[in-house]
Amino acid sequence: MGAYKYLQELYRKKQSDVMRFVFRIRTWHYRQLAAIHRAPKSTRPEKARRVGYKAKAGYVIYRVRVRRGSRKKPVPKGQVYGKPKHQGINQLKFQRSLQSVAEERVGRRCPTLRVLNSYWIAQDATFKFYEVILIDPCHKGIRRDARINWICRSNKKHRELRGLTSAGRKSRGLGHGHRYSLATGGSRRTCWKRRQQLSLRRYR
């Protein structure tokens, strides 16, 4: 096995004594830093490479901290003026993952860069920590690389805000087969719109 394979096996045993100690030290260190900051290098190089990172000019890694937990409804004093069905405050769950939220926050912080992908690095009782891979679309090393210059196209701006990254796609209900019929045709919105329209063909 190569070095990356050993690292991968280490991270599969997250509750081993070694990894628990490493996570405890790392999470303490990350809590002292800003919520969004640039990382000098990847914390998990084997995972970063698996999701598209290359150690070359034009690639940037940002580390981001997201608070764990459900999404409390933002209403004053917990008063929802309406039917009892809509009066829930605390037990509401956000529809997207915290990883998708992390990508979104980094994408807003660095509007000129493109979000490629992200991965989990650590978590404690209060926060989850992710590293987000960004790419500079104006860098010559990126524009001349045939394997990655697709991200320089204008329709790849803010992929993370439109649910086009790997973490963002997971909450859109896309897939094939059983239990994926609500997104047939590309998206939930397209599927819903098609079901609402009555199509009466001329010769039927």
Side-chain angles (χ1 to χ4, degrees), residues 11 14-15 19-39 42-44 47-48 51 60-134 157-175 179-184 186-193 195-196:
Y11 267 89
K14 293 182 176 64
Q15 289 196 337
M19 295 309 293
R20 285 175 66 181
F21 177 74
V22 169
F23 288 142
R24 199 168 76 214
I25 301 298
R26 278 185 184 163
T27 51
W28 175 86
H29 176 56
Y30 296 156
R31 284 197 303 269
Q32 316 309 313
L33 303 173
I36 302 175
H37 60 275
R38 183 173 176 179
S42 172
T43 308
R44 297 181 62 186
K47 181 65 175 176
V51 296
V60 187
I61 289 184
Y62 267 75
R63 197 177 292 129
V64 57
R65 182 177 75 218
V66 184
R67 190 172 288 272
R68 297 176 66 179
S70 303
R71 182 180 180 274
K72 188 176 180 181
K73 186 180 286 188
V75 289
K77 298 180 182 177
Q79 296 169 333
V80 181
Y81 299 102
K83 299 179 180 179
K85 176 184 178 182
H86 300 293
Q87 285 176 346
I89 302 295
N90 288 319
Q91 300 280 325
L92 305 178
K93 313 295 187 290
F94 191 46
Q95 291 300 306
R96 286 189 293 123
S97 65
L98 294 180
Q99 184 172 351
S100 175
V101 173
E103 291 179 350
E104 178 182 334
R105 291 181 183 175
V106 176
R108 291 183 192 278
R109 169 67 65 88
C110 309
T112 56
L113 302 179
R114 306 279 165 85
V115 173
L116 176 65
N117 221 323
S118 64
Y119 51 93
W120 175 95
I121 49 171
Q123 69 186 47
D124 57 15
T126 311
F127 300 105
K128 283 195 177 187
F129 302 91
Y130 297 97
E131 282 184 354
V132 182
I133 303 168
L134 300 112
K157 295 176 182 176
H158 288 293
R159 300 169 64 237
E160 72 287 348
L161 298 179
R162 297 178 287 138
L164 301 181
T165 60
S166 179
R169 284 172 60 87
K170 288 177 182 174
S171 62
R172 289 171 52 196
L174 305 178
R179 291 175 61 234
Y180 287 108
S181 58
L182 288 177
T184 305
S187 69
R188 288 185 182 181
R189 180 183 174 84
T190 307
C191 185
W192 174 85
K193 195 172 181 180
R195 287 200 309 269
Q196 304 308 308

> Taking only residues at least two apart or on different chains, which pairs with a member in residues 88-102 satisfy side-chain hydrogen bond (donor to acceptor under 3.5 Å, both in side chains)?
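As it turns out, the side-chain hydrogen bond (donor to acceptor under 3.5 Å, both in side chains) pairs with a partner in residues 88-102, which skip direct neighbours, are R96-S100, R96-E104, Q99-S118.
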> Judged by atom type as modelled, is there a donor-acceptor pair below 3.5 Å linking the side chain of R67 to the main-chain atoms of T126?
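No: the side chain of R67 does not pair with the backbone of T126.
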> Are the side chains of V101 and F94 in contact, using a 4.5 Å heavy-atom criterion?
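They are in side-chain contact.
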> Does OH in Y11 sit with more than 12 non-hydrogen atoms of other residues, nucleotides or ligands closer than 6.0 Å?
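Counting other residues, nucleotides and ligands, OH of Y11 exceeds 12 neighbours.
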> Between R105 and I36 (side chain of the first, backbone of the second, donor and acceptor by atom type, cut-off under 3.5 Å), is there such a pair?
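Flag not set: sc R105 to bb I36 has no pair under 3.5 Å.
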> Report, as yes or no, whether the 6.0 Å neighbourhood of atom NZ on K73 holds more than 12 heavy atoms from other residues, nucleotides or ligands.
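For K73, atom NZ is crowded (more than 12 foreign heavy atoms under 6.0 Å).
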> Working to the nearest 0.5 angstrom, can you tell me the gap between R195 CZ and W192 CH2?
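It is 9.0 Å, given to the nearest 0.5 Å.
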> For the residue pair S187 and L174, what are the closest heavy atoms and their distance?
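Heavy-atom minimum between the residues: CA-CD2, 4.3 Å.
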> Between K14 and R20, what is the shortest heavy-atom contact and its length?
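In this case the closest contact between K14 and R20 is O-CG, 3.7 Å.
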> So I121 and R26, do their side chains get closer than 4.5 Å, heavy atoms only?
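In short, these two side chains do not touch, never coming nearer than 4.5 Å.
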> Tell me the closest heavy-atom pair linking C191 and L182, and the distance in Å.
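Minimum heavy-atom contact is CB-O, 3.4 Å.
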> Please answer whether the main-chain N or O of H37 pairs with a side-chain N or O of R109 as donor and acceptor at a distance below 3.5 Å.
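No.
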> Report the residues that fulfil salt bridge (Lys or Arg N to Asp or Glu O under 4.0 Å) with R65, sequence neighbours left out, ordered by chain and then residue number.
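Listed in chain order: nothing, the list is empty.
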> Where do Y130 and V106 land on the side chain to side chain contact (heavy atoms under 4.5 Å, CB included) test, with the steps shown first?
CA-CA 10 Å; Y130 297 97; V106 176; over 6 Å; no
> Taking all non-hydrogen atoms of both residues, which atom of A102 and which atom of V64 are closest, and how far apart?
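Smallest heavy-atom distance, with atoms named: CB-CG1, 3.4 Å.
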> Among residues at least two apart in sequence or on other chains, which ones pass salt bridge (Lys or Arg N to Asp or Glu O under 4.0 Å) with E160?
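Once residues adjacent in sequence are excluded, E160 has no partner under the salt bridge (Lys or Arg N to Asp or Glu O under 4.0 Å) criterion.
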> Assess whether side chain to side chain contact (heavy atoms under 4.5 Å, CB included) is satisfied between E131 and T43, documenting all intermediate values.
CA-CA 8 Å; E131 282 184 354; T43 308; 2.3 Å; yes
> Can you name the salt bridge (Lys or Arg N to Asp or Glu O under 4.0 Å) partners of R31, sequence neighbours left out?
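So R31 forms a salt bridge (Lys or Arg N to Asp or Glu O under 4.0 Å) with D124.
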> Would you give me the side-chain donor-acceptor pairs under 3.5 Å for residues 74-89, sequence neighbours excluded?
unit_1: Q79; atom_1: OE1; unit_2: Y81; atom_2: OH; d: 3.0

> Using the rule ring pair (Phe, Tyr, Trp, His ring centres under 6.0 Å), only one of W28, F129, W120 pairs with F23; which is it?
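By the ring pair (Phe, Tyr, Trp, His ring centres under 6.0 Å) criterion, F23 pairs with just one of W28, F129, W120: W120.
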> Give the intermediate values and the outcome of side chain to side chain contact (heavy atoms under 4.5 Å, CB included) for residues R172 and L164.
CA-CA 10 Å; R172 289 171 52 196; L164 301 181; 3.7 Å; yes
> Looking only at non-hydrogen atoms, find the nearest pair between R169 and G163 and report the distance.
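In terms of heavy atoms, the two residues are closest at CG-O, 3.4 Å.
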> Might you point out which heavy atoms bring L134 and V115 nearest each other, and give the distance in Å?
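Reported closest heavy-atom pair: CD2-CG2, 3.9 Å.
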> Taking only residues two or more places apart in sequence or in another chain, which ones pass ring-ring contact (aromatic ring centres under 6.0 Å, His included) with Y119?
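Checked Y119 against ring-ring contact (aromatic ring centres under 6.0 Å, His included); zero matches.
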> State whether the side chain of E103 and the backbone N or O of T165 hold a donor-acceptor pair below 3.5 Å, judged by distance alone.
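Between the backbone of T165 and the side chain of E103 there is no qualifying donor-acceptor contact (under 3.5 Å).
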> Donor-acceptor pair, distance only, cut-off 3.5 Å: does the side chain of R71 make one with the backbone of L92?
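A pair under 3.5 Å: no.
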